[in-house]
Amino acid sequence: MRCWDRAALDLPPGLVLLTGPNGAGKTSLVEALVLGCLGVSPRTAREAEVVRRGAPALHVTVDLDGPPGLQHREIGFAPGAGRRLRRDGVPVRALGEWRARAVLVFLPDELRAVKGPPAARRRALDRVLEASAPGFADDLVGYQRALAQRNALLRRVRAGQASEDSLPAWEAQMALLGARVAAARRAGGAALAGPFAHWLGELGGGPAGRLELEPTPSAREEVHEATLEAYLLRTLAERRPREIAAAQTLSGPHRDDVLVAAGPADLRREGSQGEQRTAALALLLAARDHLRATAARPILLLDDVLSELDPRRRRLLLEAVRDGGQTIVTTADPGAADALAEPPDALVRVEGGRLAS
């Protein structure tokens with residue numbers, strides 16, 4: 001895939017450093033690991049882009065040892081033929097059934113989880129909930145499906161092609177599933193707030209780190225969990241005329257945001273590049289702690305995470321991820337391990353699309 005014709009790599013538990021110059025293929029190895037665990041690329045939504053130029057297909061196998069035991073996982077993709085999944089030699093049709101949940105990824109684009117649009121911050125929170133809250137992924141997919149149907153109907157009503165009498169059926173579905181999504185995000189945001197503040201301070205990001213869910217509409221913040229469904233249903237009905245005119249649903253869990261702050265500073269808008277990177281890493285470590293406590297110890301895949309950190313923060317981060325689990329860090333700096341009090345558990349050199357050590 002990408003620049004790799006073939007590669008086989010045995011990665012031990014603990015801290016693994018993948019080193020090599022820019023363009024050597026380190027990020028492609030991380031991408032392959034994410035594909036083998038989650039079934040999607042962290043770099044693109046177009047699977048054909050992952051296939052190596054000139055190759056007919058890609059195939060990734062991963063032997064993953066975790067709480068369910070040792071799993072042999074396979075994913076293949078060929079343009080025009082689609083994706084094929086296997087677990088322990090048995091075909092799996094649904095990606096949600098095949099996906100390994102306890103994997104956290106940091107790529108340079110992960111700064112979007114702090115400085116990007118609200119959808120990026122929602123997605124960062126939702127990934128944690130998908131791994132730790134049973135049923136959340138299905139509720140979220142169901143809510144998004146009902147939202148798409150309501151939005152399509154709103155456009156038809158505005159165009160005079162349908163009656164608004166059909167809207168309440170989709171609104172009931174949105175209220176039911178939206179209440180579950182909203183409750184899970186509320187609990188998840190509260191659970192991550194303390195660890196986020198801790199790690200922001202530990203990584204030198206300043207005091208008083210704050211992570212808070214900002215629901216839409218904002219009045220939903222005061223609504224008790226037991227009445228969330230009724231509140232959402234009432235809100236959809238009350239806003240129906242305005243949303244018919246706009247031909248879209250203007251409020252609800254699909255428009256939630258997450259405040260990421262240090263003291264009074266809203267890092268989404270006011271943070272420097274370094275402060276935003278530190279906040280993104282603090283969020284990732286908070287997610288790791290939450291998953292470790294509620295689900296399973298996650299694998300951390302950190303790509304090019306050290307390049308914009310000063311030596312002190314490099315050391316703090318590398319020591320922070322040495323928690324007994326498995327962490328894979330890519331870096332173009334061959335001396336990155338020098339910051340550690342003890343050497344990494346493995347050091348792998350990558351050069352020109354091949355493994356040098």
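Values below: all heavy atoms of this structure, side chains included; hydrogens, waters and symmetry mates excluded.
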- Within 6.0 angstrom of E342 CD, more than 12 heavy atoms from elsewhere: no
inquiry  = Closer than 3.5 angstrom, by distance alone: can the side chain of R277 be matched with the main-chain N or O of V305 as a donor-acceptor pair?
reply    = yes
Heavy-atom closest pair (V105 atom, P42 atom, distance to 0.1 Å) is CG1-CB, 4.3 Å
Separation between CD1 (I75) and CZ (R86), nearest 0.5 Å, reads 13.0 Å
In this structure, CZ of R121 is separated from CG of L259 (nearest 0.5 Å) by 9.0 Å
Open item on the list: Looking at R185 and D256, would you say the former's side chain and the latter's main chain have a donor-acceptor pair under 3.5 Å?
Closed with: no
query = Do NZ/NE/NH1/NH2 and the carboxylate oxygens of R123 and E130 come within less than 4.0 Å?
reply = yes
* Is a side-chain donor or acceptor of R297 paired with a backbone partner of R292 at a separation under 3.5 angstrom? -> no
Rounding to 0.5 Å, atoms OG1 (T327) and CG (L301) come to a distance of 8.5 Å
For residues 6-26, which side-chain donor-acceptor pairs fall under 3.5 Å, sequence neighbours excluded?
residue	atom	partner	partner atom	Å
K26	NZ	G20	O	2.9
K26	NZ	P21	O	3.0

Self-check item: CD/E270: more than 12 non-hydrogen atoms of other groups inside 6.0 Å
Solution: yes
Solution key, residues 191-208 side-chain donor-acceptor pairs under 3.5 Å, sequence neighbours excluded:
residue	atom	partner	partner atom	Å
W199	NE1	D289	OD2	2.7

Check: Relative to W98, does R73 satisfy both conditions: NZ or CZ under 6.0 angstrom from the six-membered ring centre, and within 45 degrees of the ring's axis?
Finding: yes
Nearest heavy-atom approach of P79 to V51 is CD-CG2, 4.3 Å
- Query: With hydrophobic residues grouped by side-chain heavy-atom distances under 4.5 Å, do L64 and L29 end up in a single group?
  - Reply: yes
message: Checking the side chain of T227 only, and the main-chain atoms of A230 only, is there a donor and an acceptor separated by less than 3.5 Å?
response: no
If we ignore hydrogens and angles and just use 3.5 Å, is the side chain of R210 paired with the main-chain N or O of V260 as donor and acceptor? no
Next item on the list: Step through the shown structure and confirm whether more than 12 heavy atoms of other residues, nucleotides or ligands are within 6.0 Å of CZ on R255.
Entry: yes
Rounded to the nearest 0.5 Å, the CZ atom of R158 sits from the CZ atom of R155 at a distance of 9.0 Å
Output for pair (Q326 CD, D65 CG), nearest 0.5 Å, gives 9.5 Å
d(L95 CG, L85 CG) to nearest 0.5 Å is 6.0 Å
For E214, the side-chain hydrogen bond (donor to acceptor under 3.5 Å, both in side chains) test, sequence neighbours excluded, returns R268
Quiz item: Are L232 and I244 grouped together when hydrophobic residues (ILVMFWY) are joined by side-chain heavy atoms under 4.5 angstrom apart?
Solution: no
Donor + acceptor pair across side chains of E31, S41 (<3.5 Å): yes
L111-L309 co-clustered via ILVMFWY side chain contacts under 4.5 Å: no
Note to self: If hydrophobic clusters are built from ILVMFWY residues whose side chains come within less than 4.5 Å, do Y231 and L147 share one?
What the structure shows: no
What one should report as the nearest heavy-atom pair of L177 and G142 is CD1-C, 3.3 Å
Q. Taking a hydrophobic cluster as the set of Ile, Leu, Val, Met, Phe, Trp and Tyr residues connected by side-chain heavy atoms closer than 4.5 Å, whether directly or through intermediates, do L302 and L291 fall within one such cluster?
A. yes
**Report entry** Distance-only polar pair, side chains of H72 and D63, donor-acceptor under 3.5 Å
**Finding:** yes
Smallest heavy-atom separation, A262 atom then L267 atom, equals N-CG, 3.9 Å
Can you see whether R43 engages T27 through a side-chain donor-acceptor pair at a distance of less than 3.5 angstrom? no
Review point. Does the pair E225/R186 count as a salt bridge with the N-to-O cut at 4.0 Å?
Key: no
* Within the side chain of T61, is there an N or O that forms a donor-acceptor pair under 3.5 Å with the backbone of E74? -> no
Residues, nucleotides or ligands: over 12 heavy atoms within 6.0 Å of R322 CZ:
yes
Can Q144 and H254 be counted as having a side-chain donor-acceptor contact under 3.5 angstrom? no
